[in-house]
Asks: 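Attaching a single structure in structure tokens format; questions to follow.
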Amino acid sequence: MPRYSDDLISEVCAQSDIVDYVSQHVVLKKSGKDYSGLCPFHNEKTPSFHVSADKQLFHCFGCGASGNVIQFVMKTENVDFVDALKIMADRAGIALPEDDEGFNDELREKKKKLYLMNKIAARFFYDRFKTQDGKRALAYLQDRKISSKTITAYGLGYAPPSYDALLNHLRDAGFSDDFIVEGFLASRKDGRVYDKFRDRIMFPIID
């Protein structure tokens, strides 16, 4: 996924009037300094959706949806942040740099390798629920009313108490100790490398 500077994102937002764009989806009426209308994100009969021209933000007091014009595009068009940014940049006549511009091949390959390593680690943690120690962690989650469906959907896992279980697993997958430490899945102290996460439930960050 391409990365864009904060200045470029701010420029796109500054050139994209939120009232003008929202008006294409919502019938807005002037209400003081702001505008109001029926929320496009949930069914309602009394307008609770407000748009601030000064702040360039929207907020619904009914469902809680809020954000700037980019977030509004994301919700109405069902696209991610980058695609929403591209839509508004195109409307504003602002040219965005090509994907991964400014990143050399070495950095791109390193990023892919980091993602792969973390994906392997997440799967390793998930599979630990089948072990004796993992069953204890699984029982704890179930006691907290976290269903198997939720555990699977969010890829929850368990880090075993061993100091080198994940480390050895990643070594077998072809990753060096230095790379594992750099990826924050292991730590190094006094020349010794060991698993960073031990005897704990893991909640992987997917995005």
Side-chain angles (χ1 to χ4, degrees), residues 1-104 107-108 111-112 114-116 118-119 122 126 141-157 184 201-207:
M1 180 180 292
R3 297 183 183 180
Y4 300 112
S5 68
D6 290 340
D7 289 341
L8 181 57
I9 294 171
S10 296
E11 181 184 359
V12 172
C13 291
Q15 297 298 321
S16 305
D17 181 64
I18 191 170
V19 175
D20 179 56
Y21 188 84
V22 172
S23 294
Q24 299 179 34
H25 300 269
V26 180
V27 177
L28 294 176
K29 293 184 179 180
K30 198 78 164 62
S31 177
K33 293 193 301 182
D34 299 334
Y35 295 81
S36 64
L38 296 175
C39 180
F41 308 124
H42 78 286
N43 294 323
E44 63 178 10
K45 295 182 179 180
T46 302
S48 61
F49 183 83
H50 291 258
V51 180
S52 170
D54 291 339
K55 298 179 181 179
Q56 288 292 296
L57 297 172
F58 73 89
H59 179 75
C60 176
F61 292 94
C63 68
S66 63
N68 61 15
V69 67
I70 302 297
Q71 271 99 40
F72 186 84
V73 175
M74 289 172 65
K75 291 181 71 64
T76 54
E77 303 295 337
N78 193 28
V79 296
D80 62 18
F81 179 85
V82 171
D83 285 338
L85 183 67
K86 289 179 178 178
I87 290 173
M88 297 314 296
D90 185 61
R91 282 171 54 91
I94 299 174
L96 296 180
E98 294 296 322
D99 292 0
D100 288 338
E101 184 175 307
F103 292 84
N104 59 38
L107 287 176
R108 281 196 292 269
K111 184 178 178 181
K112 289 180 182 178
L114 280 169
Y115 272 118
L116 175 61
N118 277 275
K119 184 177 180 179
Y126 177 78
L141 289 176
Q142 292 170 341
D143 286 343
R144 297 296 300 269
K145 308 304 180 183
I146 299 177
S147 67
S148 298
K149 183 178 180 180
T150 298
I151 292 171
T152 301
Y154 289 94
L156 307 190
F184 299 104
I201 292 170
M202 303 298 292
F203 293 78
I205 299 174
I206 304 302
D207 187 350

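Hydrogens, waters and symmetry mates play no part in the numbers below; they use all other heavy atoms, side chains included. One-based numbering along the sequence shown.
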Asks: Rounded to the nearest 0.5 Å, what's the gap from CD1 on I201 to CG on L141? Could you check?
Replies: 3.5 Å
Asks: Where is the tightest heavy-atom contact between A89 and V12, given as atom of each residue plus distance?
Replies: N-CG1, 3.8 Å
Asks: Do T76 and F41 have side-chain heavy atoms sitting under 4.5 Å apart?
Replies: yes
Asks: Rounded to the nearest 0.5 Å, how far apart are CD1 of I151 and OH of Y126?
Replies: 8.0 Å
Asks: Please give me the minimum heavy-atom distance between L38 and P47, naming the atom from each residue.
Replies: CD2-N, 3.7 Å
Asks: If you measure from CD on Q15 to CZ on R91, what distance do you get to the nearest 0.5 Å?
Replies: 12.5 Å
Asks: To the nearest 0.5 Å, tell me how far K112 NZ sits from L114 CG.
Replies: 13.0 Å
Asks: V82 versus L85: any side-chain heavy-atom pair under 4.5 Å?
Replies: no
Asks: With rounding to the nearest 0.5 Å, note down the distance linking CD1 in I70 to CD1 in I9.
Replies: 8.0 Å
Asks: Side-chain donor-acceptor pairs under 3.5 Å in residues 21-35, sequence neighbours left out?
Replies:
unit_1 : atom_1 : unit_2 : atom_2 : d
Y21    : OH     : E77    : OE2    : 3.4
S23    : OG     : V19    : O      : 2.6
K30    : NZ     : G32    : O      : 2.5

Asks: Under 6.0 Å from the CZ atom of F184, do we count more than 12 heavy atoms belonging to anything else shown?
Replies: no
Asks: In the structure I gave you, are the side-chain heavy atoms of I94 and L8 within less than 4.5 Å of one another anywhere?
Replies: yes
Asks: Please check if the number of heavy atoms outside N43 that lie under 6.0 Å from its CG is greater than 12.
Replies: no
Asks: Tell me if the aromatic rings of Y154 and F203 count as close, with their centers under 6.0 Å from one another.
Replies: no
Asks: Test: side chain to side chain donor-acceptor pair (under 3.5 Å). Region: residues 47-70. Which pairs qualify, not counting sequence neighbours?
Replies: D17-Q56, E44-S48
Asks: Measure the spacing between OG1 of T150 and NZ of K145 and express it to the nearest 0.5 Å.
Replies: 13.5 Å
